[in-house]
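Counting convention: from 1, in listed order, for ligands and their atoms alike.
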Amino acid sequence: MREERRFRWVLKAINHYLTFFLLVAFVITCCMMLFLRILSDGLQITFTGENISLAAKVTFWNAMLISLIFTGIDAVRRKWTVERPVKRIAAAAEQMMQGDFSVRVPALNGLFSDDGFGEIAACINKMASELSSVETLRTDFIANVSHEMKTPLAVMQNYGTLLQAPNLPEDKRMEYARVITDASRRLADMMTNILKLNRLENQTIYPNAVTYDLGEQLCECFLQFEREWEKRGIEIDIDIAEDVLVTADAELLSLVWNNLFSNAFKFTESGGTVSLSLTADEQHAIVRVTDTGCGMSPEVGAHIFEKFYQGDTSHATAGNGLGLALVKRVVDIMQGEIGVESAVGVGTTFTVKIRREEHHVETDR
Ligand code: ADP
């Protein structure tokens, strides 16, 4: 096996170097002969056949010797500057192919290395780190979904078992059935949100832009919570500028308003206030949703747009931490801005700023 490899290496060397240098030696010898001929004609010197043959031989073997020396030097140079970095890069790529994204190509910018390989190595390292963060996101996502599914499924299993008990009083039967329905609704909501988020993350073009009155849309969405604020005695304060037209995908924007309103009501105790305001300038519409609810600490505020993040676990049964991730994605798609100001025990204000004119949205995905 080793012999065979050595033999192959020799063949490769002959193919790559010797053929080339033999050709060079031959061409140099021919040039030399031509030079001698011109010289002898010009100086009226007569060379004997012996002289010429000796000169040709010396030139040829000199050229061969020098070529061989350079072949050796070049082989060593290639080993250090080409073969070594290529081997390292190939080894890293192979490890990545096997799913190991922690691999990094060691620095190649040594004294003798080609800068081009250094650039390729830097690109491969960047690719590996990107892939590893995508992989972490994917595994985190699966872990989160499984975790979120387990709770309602366990509730459904337990209450389903309770329902099987003989001679169950009617009120208990109704209560258990309601718990099961709530848990299944929660599961269905989560699936709907995951599907929406997935669609939004993979979609690249949003062609459904229409021009409509944003104030009207905000009122329509807000009114859906009427029963909630009446039931819990929450004060409402609405200040909406008239005739604010926007050109955008209405269905996507309604996702934003519904999520912000639902959070405002969810996190506000009875007797609190939820305010909605719409203002506009030439280019932007600004929507503010304020509540006097529990508020959040800066640590919680820093994570609220992450998928599955829930800062307030006491409200966890009424959500799955996907609402604000959806909101953020939609606002990004609309090339808008979203900000939050909050203080624990005082309340929260979400401010959404969107562009009013039509824009062709093509995300970078
Ligand atoms: P969910 O409401 O399902 O928990 P969201 O993504 O809508 O998920 O919100 C993420 C977290 O942000 C919430 O768990 C909560 O801690 C915080 N949050 C969002 N809106 C408010 C608000 N109006 N007041 C206080 N905290 C809020």
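A 6.0 Å sphere centred on CD of E251 holds no more than 12 heavy atoms belonging to other residues, nucleotides or ligands. Under a cut-off of 6.0 angstrom, the local environment of CZ in R232 is crowded, with over 12 non-hydrogen atoms contributed by other residues, nucleotides or ligands.
In terms of N/O distances under 3.5 Å, ligand 1 is not approached by F350. Between G321 and ligand 1, an N or O atom pair is found at a separation short of 3.5 Å. At under 3.5 Å, a nitrogen or oxygen of G311, whether backbone or side chain, sits near a nitrogen or oxygen of ligand 1.
The option with the heavy atom closest to atom 27 (C) of ligand 1, from among M296, E306, K307, is M296.
For N259, the heavy-atom gap to ligand 1 stays at 4.0 angstrom or more. Under a 4.0 angstrom heavy-atom cut-off, H303 registers as lying outside contact with ligand 1.
Looking at T59 and T29, their side chains never bring a donor and an acceptor atom within 3.5 Å of each other.
Taking 4.5 Å as the limit, some side-chain heavy atom of V145 sits within range of a side-chain heavy atom of F308.
Atom-to-atom distance recorded for S262:OG and E228:CD is 8.0 Å, nearest 0.5 angstrom.
Looking at R329, its side chain does come within 3.5 Å of a backbone N or O of L200 through a donor-acceptor pair.
Heavy-atom proximity to Y309, at under 4.0 Å, picks out these atoms of ligand 1: 10 (C), 11 (C). Listed by number with element, the atoms of ligand 1 under 4.0 Å from a non-hydrogen atom of Q310 are 1 (P), 3 (O), 4 (O), 14 (O). Interface atoms of ligand 1 facing L324, defined by a heavy-atom separation under 4.0 Å, are 5 (P), 6 (O), 7 (O), 9 (O), 12 (O), 19 (C). Shown in contact with K266 at under 4.0 Å from a heavy atom are these atoms of ligand 1, numbered in order with element: 1 (P), 2 (O), 3 (O).
We find that E175 and R178 are not joined by a salt bridge, their nearest charged nitrogen and carboxylate oxygen being 4.0 Å or further apart.
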